[in-house]
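One-based numbering, in listed order, for ligands and for the atoms of each. Predicted model only: the values in this text are computed from it and were never measured. Hydrogens, waters and symmetry mates are skipped; everything else that's a heavy atom, side chains included, is used.
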Amino acid sequence: MAESVHAVPFTTLLDLLRDAYGQPRRSRRLAPVDELVLTILSQNTSDVNTDRAYASLRARFATWEDVAAADPADVVDAIRSGGLANQKGPRIQAVLRELMDEPGGLDLEPLAGLAVDEALGRLTALPGVGKKTGSCVLLFSLNRPVMPVDTHILRIARRLGLVPERATAGETHELLTRITPPERMLEAHLLLIRHGRETCRARTPLCEQCPLLPHCPTGRSRVPGTNG
Ligand code: SF4
């Protein structure tokens, strides 16, 4: 398991991000099965394309049962604007069908009553559902304290030295879930995503204007006069 060797508490870094970006707000809260489908649709595409594909899917089919039973080509067609439709369509149908075969069906609310690891295990047992997707459902829909790790968050955690340079998304998920206060999990996730999009960008991180610069070994190695 990856261990953080950071000298500054993670909550201090969160405070700095909150001071810079403000308190983040998540505008909507979906039912967990809705969030599950939305998150599958969001894989490797933008929020705009995700929302467009999700709206199209909801408009085309009255219920998730209808999606599960539909001709695969119709589902693919409905979500085409989201990209990778030929992969995501069958995946969504497979997930829905598998859930419908289980005792609770498409109602995932009971997962809120399980231990986080058990709930995540149930979700990641579904076809094509990884830790990030499962964590999104638990955090966003069921308010469970678990950190979804996408490419932004993995990159930031590595650059900050919270995890080793070669740490996996899974290792980073475990570390961040452990060091983030449960009541700040959603806030932390949203702040890190925003930081990755606006400042700690993949190709050109804006270290000179980063509020975390004094605590970031990567930034200090890039900005003259800050490493010592
Ligand atoms: S100092 Fe640079 S590398 Fe470090 S977190 Fe900020 S933007 Fe990212």
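- The nearest non-hydrogen atom to atom 5 (S) of ligand 1, considering only His215, Arg155, His195, comes from His195.
- Here the rule is side chain to side chain contact (heavy atoms under 4.5 Å, CB included) with Leu13, and of Leu192, Leu191, Leu162 only Leu162 fits it.
- A side chain to side chain contact (heavy atoms under 4.5 Å, CB included) with Phe10 is found for exactly one of Thr180, Asp15, Leu175, namely Thr180.
- Residue contacts with ligand 1: Arg222 is excluded, as none of its non-hydrogen atoms falls under 4.0 Å.
- Around the CG atom of Asp101, the shell of radius 6.0 Å holds more than 12 heavy atoms that belong to other residues, nucleotides or ligands.
- Inclusion of Cys207 in the first shell of atom 2 (Fe) of ligand 1 is supported: an N, O or S atom falls under 2.8 Å.
- With respect to atom 8 (Fe) of ligand 1, the closest heavy atom belonging to the protein is Cys200 SG, 2.4 Å.
- Here the heavy atom of the protein found nearest to atom 4 (Fe) of ligand 1 is Cys216 SG, 2.3 Å.
- Under a hydrophobic clustering in which Ile, Leu, Val, Met, Phe, Trp and Tyr are joined whenever their side-chain heavy atoms come within less than 4.5 Å, directly or via other members, Leu17 and Leu206 fall into different clusters.
- None of Leu138, Asp117, Leu114 except one satisfies the side chain to side chain contact (heavy atoms under 4.5 Å, CB included) rule with Arg122; the exception is Leu114.
- Backbone or side-chain N, O or S atoms of Cys210 do not reach atom 8 (Fe) of ligand 1 at under 2.8 Å.
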